[in-house]
Amino acid sequence: MRKSFDLYFASSNKNKYSEAREILSKFQIHLGFFEFAPIEIQSSSILEIATQKSLDAYLSCKRPVIVEDDGLLIPSLGGFPGPYSSYVFKTIGNAGILNLVKSKRAAEFHSVIAYCDGKKPVLFQGITRGVISKKQRGDGWGYDPIFIPGGKTKTYAELDDKNTISHRYKALGKFARWFDMQKSSGR
Ligand code: IMP
């Protein structure tokens, strides 16, 4: 018989969900999708944005839920686009970022996973450091074609093992270990 979902991933982004589902399945956590288009608060902190999003998602979903907020940070651009990554992707896109980044190409991808089951949200953060590529490579979604994680020569879009090294994997790994402890302590 099909096992019911352990919890839901509330998002409008199916790419994030399919990666999250694959990552959490390695931890034996069965993740459902809850279609949700949040009204994002204006904040310079992705932790704050994720916290509010998880509270709103729980009000709609009414079941244990996680949401994710991400940011691509480029230190030579003062951390831009950071909390504005989604807007910047929709406006100037990868081509615009490539035009802005000159010689200092270091970049970081941050993920914040916020879990809410009606009580105070619990947050988990994952960071993958790397560099911005010189041109777009591969067919991935979002910033995947321009982000090369540390220790690799390929972009996220070209890698087969993105889901074992990504910012999302690191945040979800922390969440999975915590979630498992909650379950075994009967909470
Ligand atoms: P959001 O505000 O959490 O949706 O994410 C900020 C921006 O980063 C959006 O444009 C996402 O598409 C993009 N993004 C988040 N995670 C990834 C990823 O793993 N690869 C590529 N782009 C991503």
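Just follow the structure's listing: the first ligand is 1, and inside any ligand the first atom is 1. Atom set for the values below is all heavy atoms of this structure, side chains included, hydrogens, waters and symmetry mates excluded. One-based numbering along the sequence shown.
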task: Give yes if a backbone or side-chain nitrogen or oxygen of Y156 is under 3.5 Å from a nitrogen or oxygen of ligand 1, and no if not.
output: no
K162 N/O to ligand 1 N/O under 3.5 Å: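 Min N/O separation from ligand 1 is below 3.5 Å for K162.
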- prompt: Considering residues, nucleotides and ligands other than Y17, do more than 12 of their heavy atoms fall under 6.0 Å from its OH?
  reply: yes
What protein heavy atom sits nearest [atom], and how far off is it?
| atom | result |
| --- | --- |
| atom 20 (N) of ligand 1 | D144 OD1, 2.6 Å |
| atom 15 (C) of ligand 1 | D70 OD2, 3.3 Å |
| atom 11 (C) of ligand 1 | W141 CZ3, 4.2 Å |
| atom 13 (C) of ligand 1 | Y143 CD1, 3.8 Å |
| atom 1 (P) of ligand 1 | K16 NZ, 3.3 Å |

task: Examine the side chains of E19 and N15 and answer whether a donor and an acceptor come within less than 3.5 Å of each other.
output: no
- request: Decide whether T128 and K170 meet the rule of one side-chain donor and one side-chain acceptor closer than 3.5 Å.
  value: yes
Backbone N/O of C61 and side chain of R63: donor-acceptor pair under 3.5 Å: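 Yes; at least one donor-acceptor contact below 3.5 Å.
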query: Counting each atom of ligand 1 from 1 as listed, which ones have a heavy atom of D69 under 4.0 Å away?
result: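 Here the atoms of ligand 1 in question are 2 (O), 3 (O).
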task: Find all atoms of ligand 1 within a distance of less than 4.0 Å from any non-hydrogen atom belonging to H167, and give their numbers and elements.
output: 16 (N), 17 (C), 18 (C), 19 (O)
task: Counting heavy atoms only, name the option from P145, A157, S86, G93 that's nearest to atom 2 (O) of ligand 1.
output: S86
- request: May I have the step-by-step check of salt bridge (charged side-chain N to carboxylate O under 4.0 Å, His left out) for R168 and D70, ending in yes or no?
  value: CA-CA 8 Å; R168 178 163 300 106; D70 302 292; 3.4 Å; yes
query: Does K162 come within less than 4.0 Å of D144, counting only side-chain N to carboxylate O?
result: yes
- prompt: With a 4.0 Å heavy-atom cut-off (strictly under), which part of R168 contacts ligand 1: side chain, backbone, both or neither?
  reply: side chain
- prompt: Looking only at heavy atoms, is any part of F109 under 4.0 Å from ligand 1, and if so is it the side chain, the backbone, or both, or is it neither?
  reply: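 For F109, the contact with ligand 1 is made by the side chain alone.
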